[in-house]
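One structure is given below, encoded as structure tokens.
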Amino acid sequence: MALLEILAYPDPRLKQVSEPIAAVDNALRALIADIEETMRAGPGGVGIAAPQVGHFVRVVIVDVPPRKKSSSHGRQVLVNPEITEWDGMVIGREGCMSVPDYTGNVIRAERITLHALDEQGLVREFEMHGFEARAVQHEIDHLDGFLFLDRLVSRRNDLFRRKIYQAPPG
Amino acid sequence: MQWTMVTVIGNDRPGIVARVSAALFEHGCHLGEASMMRLGGNFTIMLMVGHDGDASEVEAILVPVTGPLGLRLHVDRIEGHLHDHLVPDVRVTVFGADRAGIVAQVTGLLAEAGLNILDLESDVGGSEQAPIYVMHIEGTVGEGLERLRTALAGLADTGIDIRVEPIETLIG
């Protein structure tokens, strides 16, 4: 286990697109352990993507504790994650270990469906919403070379209540 | 880096920010954090300017720009520095028919309940006959969110709508 160096914007490597993982093996599991240790060493981080620590492969880890209004799946390792459905949109505040001392508002889908491989190489499918869905979208953006800075909206754009205007289900 | 806070206000017109920042850049100044807003048709800006000289030198750089545009200029040496952000954990939105005293009432109660305001902006909309007042506040309150709600509950029947929401910042 080792703490890895976190790349910080404007490091151009954060803009590159990461490669899919071909095989989930022990070498990958060792890397995942180092990435997770690095995430947990930072203050308040609920997610991390491999390219943030200089490994340009499609691996993210999220660990969003359940909240009052928002259930979650806890610790998840997502290898080659792909979001297949997006629903609703909501503004929330984000920061990033790769962008110290700055937070800003970003629009994300309220609910997502995704599939990924887990640490054993098994296919998993998830439905996520709220804060956890936000975390996964933020991390998958890293795999495609995007930072939350690429998606900032003005703090004066008051769309915060947007989701209550959506039609009720059915 | 020595910082000064530069305040410029006056009649709004296109190009003020460009001219002010160009003059500062040409004289070797750095810009820090800034907030520009149009308030009541006025141009207003507060701008951290880094310059290792006397505050009067910053003023001398800007007078040739602000003077001809009829803008008022004020320069203060400040103790501030960059990389000192606090992350807000609560948002308070207040709106209602405009009347004197809304801000004093609401912010008074919020201060007593432990809110530290980091950012406040307010606007008057509606019409001249029926103006409405809208205010957004972001700040830090720590564990005291319910205390804020309790403190503001008494204003519910005064015709002001108030919403208190946590801001959860995702660090990813």
> T169(B) and E94(A): side chain to side chain contact (heavy atoms under 4.5 Å, CB included), yes or no, with the steps?
Replying inline: CA-CA 5 Å; T169(B) 300; E94(A) 298 185 16; 5.7 Å; no
>> Would you say OH of Y133(B) has more than 12 non-hydrogen atoms from neighbouring residues, nucleotides or ligands within 6.0 angstrom?
In response: yes
> Salt bridge or not for E168(B) and R134(A), using N-O below 4.0 Å?
Replying inline: no
> Are more than 12 heavy atoms from other residues, nucleotides or ligands located less than 6.0 Å from atom CD of E143(B)?
Replying inline: no
>> Around atom CD of E127(A), are there more than 12 heavy atoms from other residues, nucleotides or ligands closer than 6.0 Å?
In response: no
> Applying the side chain to side chain contact (heavy atoms under 4.5 Å, CB included) test to I171(B), which of R93(A), M39(A), M97(A) qualifies?
Replying inline: M97(A)
> Could you state the interatomic distance from CG (L170(B)) to OG1 (T103(A)), rounded to the nearest 0.5 Å?
Replying inline: 11.0 Å
> What do you reckon, is CZ of R72(B) surrounded by more than 12 foreign heavy atoms closer than 6.0 Å?
Replying inline: no
>> Are there over 12 heavy-atom neighbours, none belonging to F56(A), within less than 6.0 Å of that residue's CZ?
In response: yes
> Contact part of E139(A) toward chain B, heavy-atom cut-off under 4.5 Å: side chain, backbone, both or neither?
Replying inline: side chain
> What is the minimum heavy-atom distance between H83(B) and D101(A), and which atoms define it?
Replying inline: CA-OD2, 2.8 Å
